[in-house]
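Both counts, for ligands and for their atoms, begin at 1 and track the order of listing.
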Amino acid sequence: MKGRLIYLIGPSGSGKDSVLDAAREALAERGIRIARRVITRSAEAVGESAEAVSHDEFDRLERDGAFAMSWRANELAYGIPIQIDQWLAAGEDVLVNGSRGYLEQARQRYPDLLAVLLSVRPEVLRQRLLKRNRETPEQIEARLARNARFEDSLDELFLLDNSGDLHESVSKLLRLIDR
Ligand SMILES: Nc1ncnc2c1ncn2[C@@H]1O[C@H](COP(=O)(O)OP(=O)(O)O)[C@@H](O)[C@H]1O
Ligand SMILES: O=P(O)(O)OC[C@H]1O[C@H](OP(=O)(O)OP(=O)(O)O)[C@H](O)[C@@H]1O
């Protein structure tokens with residue numbers, strides 16, 4: 001494949017969606033596609049940047065080969081449309097909002113992927129999740145607990161701290177991509 005897969009990961013609440021949204025125009029100017037995820041979340045909670053489907057519909061799409069990558073986490077199922085393979089084959093770079101838990105499998109399929117780990121200081125992370133107010137307090141605790149499994153277990157990736165200003169993080173991401 002000729003295009004490059006940029007695989008953005010990080011704890012829930014670290015700001016992956018926010019960084020992607022804020023970088024959308026600059027990425028488009030560089031000809032970089034952003035994959036629109038398919039998620040078994042309600043349409044209201046999923047926002048513009050993803051497509052909401054039922055669990056049954058997700059399973060059907062997965063069986064039919066609609067996804068290049070798919071995983072389950074946080075009581076949800078996530079799929080990256082197979083269309084990204086056409087983009088990559090055509091030489092286009094593609095950025096996806098990925099999963100730390102799926103990184104190894106993603107690397108098997110896309111050995112040259114550029115993994116970028118977004119992080120924020122723990123106390124900031126909790127505050128951001130609470131302020132976002134999308135999950136229940138129990139779900140937020142479960143998401144924070146999930147992070148422990150990944151401590152020190154991820155390698156060969158670029159670290160990008162998003163504890164500070166969002167636009168500074170976008171600039172750092174673009175510098176990384178432009179290198
Ligand atoms: N740099 C930042 N400064 C302040 N708030 C931020 C920053 N980045 C993200 N946020 C906020 O933190 C919350 C979580 O961000 P979000 O993009 O939903 O994270 P993720 O997609 O990684 O779960 C959102 O309410 C968002 O507005
Ligand atoms: O293996 P992990 O790295 O923990 O990731 C699991 C899933 O959680 C995040 O999605 P989602 O957008 O639902 O969560 P978030 O917006 O709360 O980060 C991430 O993008 C993955 O799809």
Side-chain angles (χ1 to χ4, degrees), residues 5-24 26-27 34-55 58 61-62 67-81 84 94-109 113 115-174:
L5 182 69
I6 305 156
Y7 189 80
L8 182 66
I9 48 178
S12 179
S14 58
K16 300 177 296 298
D17 277 330
S18 303
V19 167
L20 285 185
D21 270 354
R24 202 164 283 276
L27 292 169
I34 301 177
R36 189 158 186 261
R37 299 192 297 175
V38 176
I39 309 180
T40 56
R41 189 146 55 199
S42 71
E44 307 83 68
V46 90
E48 295 281 305
S49 61
E51 181 186 348
V53 295
S54 68
H55 279 277
F58 188 95
L61 288 166
E62 195 174 44
F67 301 134
M69 298 182 270
S70 58
W71 58 85
R72 281 155 180 82
N74 307 328
E75 302 167 350
L76 299 167
Y78 301 82
I80 304 291
I84 71 163
V94 179
L95 203 157
V96 304
N97 181 343
S99 153
R100 293 165 296 174
Y102 191 79
L103 176 61
E104 273 194 37
Q105 284 152 283
R107 274 211 172 105
Q108 278 167 22
R109 186 172 169 124
L113 68 75
V116 181
L117 177 68
L118 204 58
S119 62
V120 296
R121 292 194 305 276
E123 69 275 16
V124 178
L125 186 61
R126 184 183 297 270
Q127 286 313 314
R128 285 195 186 160
L129 285 168
L130 291 167
K131 195 167 161 215
R132 181 170 69 180
N133 202 23
R134 191 178 68 190
E135 288 83 22
T136 64
E138 292 75 23
Q139 286 171 326
I140 289 175
E141 289 313 314
R143 281 167 182 246
L144 291 169
R146 178 175 169 83
N147 295 335
R149 349 187 326 208
F150 300 110
E151 271 168 27
D152 305 322
S153 74
L154 304 167
D155 54 16
E156 288 182 69
L157 36 75
F158 290 93
L159 293 175
L160 207 167
D161 186 75
N162 184 36
S163 303
D165 180 62
L166 178 64
H167 293 98
E168 183 52 38
S169 302
V170 171
S171 302
K172 284 188 275 187
L173 174 68
L174 295 173

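- Protein heavy atom at the shortest distance from atom 19 (O) of ligand 1 is Gly15 N, 3.0 Å.
- At a 4.0 Å cut-off, not a single heavy atom of Gly10 sits close enough to ligand 1 to count as contact.
- Closest to atom 8 (N) of ligand 1, if we only count protein heavy atoms, is Asn162 ND2, 3.1 Å.
- At distances below 3.5 Å, not a single donor-acceptor pair connects side-chain atoms of Asn162 with backbone N or O atoms of Ser169.
- The option with the heavy atom closest to atom 19 (C) of ligand 2, from among Ser12, Gly98, Ala73, is Gly98.
- Ligand-side atoms of ligand 1 in range of Pro11: 22 (O), range being under 4.0 angstrom from any heavy atom.
- For Lys172 (side chain) and Asp161 (main-chain N/O), a donor-acceptor pair under 3.5 Å exists by modelled atom type.
- Within the listing of ligand 1, atoms 23 (O) sit less than 4.0 angstrom from a heavy atom of Ser12.
- Ranking protein heavy atoms by distance to atom 4 (O) of ligand 2, first place goes to Arg146 NE, 2.6 Å.
- For atom 8 (O) of ligand 2, the closest non-hydrogen atom of the protein is Asn74 ND2, 3.2 Å.
- For the residues Glu75, Arg37, Arg134, the heavy atom positioned nearest atom 15 (P) of ligand 2 is part of Arg134.
- Polar contact check, Glu135 against ligand 2: no nitrogen or oxygen pair lies under 3.5 Å apart.
- Against a heavy-atom cut-off of under 4.0 Å, Asp17 is close to the following atoms of ligand 1: 17 (O), 21 (O).
- In summary, the atoms of ligand 2 found under 4.0 Å from a heavy atom of Lys16, numbered by their order in the structure, are 18 (O), 19 (C), 20 (O).
- Nearest protein heavy-atom neighbour of atom 25 (O) of ligand 1: Arg132 CB, 3.6 Å.
- With hydrogens left out, the protein atom closest to atom 22 (O) of ligand 2 is Trp71 NE1, 2.9 Å, a heavy atom.
- Here Phe67 and Phe58 bring their ring centres to under 6.0 angstrom of each other.
- Below 4.0 Å from some heavy atom of Asn97 lie the following atoms of ligand 2, by number and element: 20 (O).
- Among Lys16, His167, Gln127, Arg128, the residue whose heavy atom sits closest to atom 3 (N) of ligand 1 is Arg128.
- The aromatic rings of Trp71 and Tyr78 sit parallel to each other, their planes meeting at less than 30°, with 60° as the upper class boundary.
- At the top of the distance list for atom 11 (P) of ligand 2, counting protein heavy atoms only, stands Tyr78 OH, 3.4 Å.
- A donor-acceptor contact closer than 3.5 angstrom is absent between the side chains of Arg128 and Ser12.
- Residue-level proximity to ligand 1 for Ser169 is absent, since no heavy atom of it falls below 4.0 angstrom.
- Backbone and side-chain nitrogen or oxygen atoms of Gly101 are examined, and one is located within less than 3.5 angstrom of a nitrogen or oxygen of ligand 2.
- For the pair Ser163 and ligand 1, no heavy-atom separation below 4.0 Å is found.
- Nearest protein heavy-atom contact of atom 9 (C) of ligand 1 is Ser18 OG, 3.4 Å.
- Of all the listed residues (Arg143, Arg128, Arg100), Arg143 holds the heavy atom that lies closest to atom 14 (O) of ligand 2.
- Taking every non-hydrogen atom of Leu166 and a distance limit under 4.0 Å, the qualifying atoms of ligand 1 come out as 1 (N), 8 (N).
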